[in-house]
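Structure, as structure tokens:
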Amino acid sequence: PWFDPEGLDAAPATGEKLPARLALRYQLVVIGHSAESLDLATYDPFDRLARAAVRRQIPGRIRFFMTTRKFIVTTLRRQ
């Protein structure tokens, strides 16, 4: 699914739920989390290595959303 960052004031802190190493290496940003799932934004939804690495490190349900590369890069720079 597509994630539109227009209405979002600030993305949740990536470091709390996703290790910085994974976020920077695979260009991932946490866009939401709940007790049962973690929502991650990426600009490359076909990156199987990223999906596998995240699933190895983080237990539970993980949902991937596609968004712009600009949103990913600016969010990672702010954090």
Side-chain angles (χ1 to χ4, degrees):
W2 178 259
F3 173 73
D4 186 12
E6 285 300 314
L8 189 66
D9 291 335
T14 298
E16 294 175 8
K17 298 288 180 183
L18 180 68
R21 179 179 55 82
L22 288 177
L24 293 172
R25 180 172 182 178
Y26 298 110
Q27 302 290 292
L28 301 168
V29 173
V30 175
I31 56 172
H33 58 85
S34 64
E36 63 270 350
S37 71
L38 177 66
D39 299 339
L40 300 177
T42 180
Y43 64 85
D44 183 6
F46 302 109
D47 188 351
R48 290 177 179 240
L49 293 176
R51 288 174 179 257
V54 169
R55 288 200 169 100
R56 276 193 304 271
Q57 294 287 322
I58 300 173
R61 182 174 180 216
I62 301 167
R63 299 187 311 170
F64 290 89
F65 293 83
M66 186 174 172
T67 192
T68 62
R69 186 168 195 257
K70 180 179 178 181
F71 172 74
I72 300 287
V73 171
T74 56
T75 303
L76 288 174
R77 284 185 181 162
R78 276 190 270 140
Q79 296 180 6

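Taking 4.5 Å as the limit, some side-chain heavy atom of Thr75 sits within range of a side-chain heavy atom of Arg78.
Remark: of the listed residues Thr74, Val73, Ile72, Ile72 is the sole one forming a side-chain contact (heavy atoms from CB on, under 4.5 Å) with Leu76.
Between Phe65 and Phe3, the ring planes lie perpendicular to each other; the angle is over 60°, past the 30° to 60° tilted range.
Of the inter-residue distances, the one linking Thr42 atom OG1 with Phe71 atom CZ reads 11.5 Å to the nearest 0.5 angstrom. Going from atom CZ of Arg51 over to atom CZ of Arg56 covers 14.0 Å, rounded to the nearest 0.5 Å. Taken to the nearest 0.5 Å, the CG atom of Leu40 stands 11.0 Å off from the NE2 atom of His33.
Minimum interatomic distance between Val54 and Ile62 (heavy atoms only, all atoms of both residues): CG1-CD1, 3.4 Å. Scanning all heavy atoms of the two residues, the minimum distance from Tyr43 to Met66 falls at O-CE, 4.2 Å. Residues Ile58 and Lys17 come closest through the heavy atom pair CD1-O, 3.7 Å.
Residues meeting the side chain to side chain donor-acceptor pair (under 3.5 Å) test with Arg63, sequence neighbours left out: Asp39. Not counting sequence neighbours, the partners of Asp47 by the side chain to side chain contact (heavy atoms under 4.5 Å, CB included) test are Tyr26, Asp44, Leu49, Ala50.
For residues 21-38, there are no salt bridge (charged side-chain N to carboxylate O under 4.0 Å, His left out) pairs, not counting sequence neighbours.
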